[in-house]
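Only one structure is covered here, and it is reproduced in the block below.
Within every chain, numbering begins at 1; the chains are lettered A, B, ... in the order of the sequence lines, protein sequences first and strands thereafter.
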2 protein chains.
Amino acid sequence: MSDGKPISIAFEQHDHNACLGKAMQAAQGYCEEHKLQLTPARRKVLELLLQEHRALGAYTILDLLREAGFNSQPPVAYRALDFLVENGFAHRIERLNAFVACALPGTEHSPAFMICRQCETVAETQSSESNFNFSTTADFSGFKIEQTIIEAKGVCNSCAEIEQL
Amino acid sequence: MSDGKPISIAFEQHDHNACLGKAMQAAQGYCEEHKLQLTPARRKVLELLLQEHRALGAYTILDLLREAGFNSQPPVAYRALDFLVENGFAHRIERLNAFVACALPGTEHSPAFMICRQCETVAETQSSESNFNFSTTADFSGFKIEQTIIEAKGVCNSCAEIEQL
DNA sequence: ATTATTATGTTATAATATTGCAATAGGAGA
DNA sequence: TCTCCTATTGCAATATTATAACATAATAAT
């Protein structure tokens, strides 16, 4: 379960340009270190995701790629997204069929997401499996957990305030 | 967080006919009590889901409906599934885009699922939100959780054994 | 009986995702 | 450098999942 503050600052004000630049640098470095090819399409998709603290659908990304002069067939987006997800730069948000940049790239972690149903902002937090009873094999001796998806739908403060009116 | 044994007996041997019959009876009763119409299509879809401890996709259900002599256009399946999910007789498994019968119908609960990646059996367990840190507002003062999806992918014992070979 | 509500029939189409194969680029070893 | 091998991209087609829109029918409420 979550053990602390959300990792993501999605619901807070922050210097987003710095936020993006730092993340791209980190991705760059990680790829060099791990001999991964951060090709133009992959880099662009990561940038697009980092520009938002929201999940973007594959076809939204595809449109943005097209605007940026990339080839615009679906596999372009899906392949880039697969790469980003496999290598921990992004997560798939199942309940939205959409993708969000990872808030903790390069780290083994078990993420949990908070999704505002109003503004669709997605914040990532940690659900450290270690102290998460759900994974204690005692509970379900018949099953071995490999990966857990935790997605919470709700409203963020700003949207909640607006709804009060 | 899970607080006990899995509700579902999906990974265990059991008298499945009894299991199904009881559930249908309960659904029947619940609908009468709550003035819900358990129409033929809805009833049939619930039966189909109860016959499996696996999640079924909408189009699989549609095929089965057709075999059973029902109208086979997509809305038939989706409408029935919507009804069953809204009224707590079934759950949607996001990571599979599929549906599974609820193991605790008629009860307010916050389910968690264990999905075998091999045999696709789905077992439901409880993640009682009350003692689930994830929902303590202290952790993320910027968000109010309304509904949480927890889906664990893994392998069940029988499949794990087969993999050992 | 009349009306309102809820459910179904039907057609079409939207949104999401994958397959398969050909072409090309990047990296590793001779 | 050249060649081979693998990873990536281009491209066309198509599969899968889901919804919209509107007409008709069944049921419930008055």
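Each of B:I115 and B:V85 belongs to its own hydrophobic cluster when Ile, Leu, Val, Met, Phe, Trp and Tyr are linked at side-chain heavy-atom distances under 4.5 angstrom.
A stacked arrangement is not assigned to A:Y78 and the six-membered base ring of C:dT18, the conditions of a centre distance below 5.5 Å and an interplanar angle below 30° not being jointly met.
A:Q73 has its CD atom 15 Å from the C1' atom of C:dC21, to the nearest Å. Here C:dT8 presents its P atom at 16 Å from NZ of B:K44, a figure rounded to the nearest Å. If you measure from atom CG of A:L65 to atom P of D:dG10, you get 10 Å, rounded to the nearest angstrom. We find that CG of A:D82 is positioned 10 Å from P of C:dT19, with the value rounded to whole Å. C:dA17 atom P lies 13 Å from atom CG of A:L56, rounded to whole Å. Separating the CG atom of A:L96 from the C1' atom of D:dT17 is a distance of 16 Å, rounded to the nearest angstrom. The distance between atom CG of A:L84 and atom C1' of D:dT8, rounded to the nearest whole Å, is 14 Å. Atom CG of B:L81 is separated from atom P of D:dA18 by 9 Å (rounded to the nearest Å).
Residue A:R92 has a polar side-chain atom (N or O) positioned under 4.0 Å from OP1 or OP2 of C:dA17. Residue B:T39 has no polar side-chain atom (N or O) positioned under 4.0 Å from OP1 or OP2 of D:dA26.
Paired with A:Q147 under the rule side chain to side chain donor-acceptor pair (under 3.5 Å), one option of B:R117, B:R95, B:E151 passes, and it is B:R95.
Side chain of A:E124 to backbone of A:A103: a donor-acceptor contact under 3.5 angstrom is found.
Donor-acceptor pairing under 3.5 Å, judged by distance alone, is present between the side chain of B:Y59 and the base of D:dA18.
Listed nucleotides: D:dA18, D:dT8, C:dA17. Nearest to the side chain of B:A58: D:dA18. The side chain of A:Q37 has D:dT8 as its nearest neighbour among C:dT8, D:dT8, D:dT19. The side chain of B:N71 lies closest to C:dT10 when the candidates are C:dA17, C:dT10, D:dG10.
The residue among B:R79 and A:N97 whose nearest nucleotide of DNA chain D lies closer to the 5′ end is A:N97. Nucleotides of DNA chain C nearest to A:G57 and B:L36 differ in position, and the one nearer the 5' end is that of B:L36.
Between B:F99 and B:H91, the ring center distance fails the sub-6.0 Å criterion.
Taking the charged nitrogens against the carboxylate oxygens, A:R92 and A:E94 do have a contact shorter than 4.0 Å, which makes a salt bridge.
As judged by a 4.0 angstrom heavy-atom cut-off over every strand, B:R42 is placed among residues touching the sugar-phosphate backbone only.
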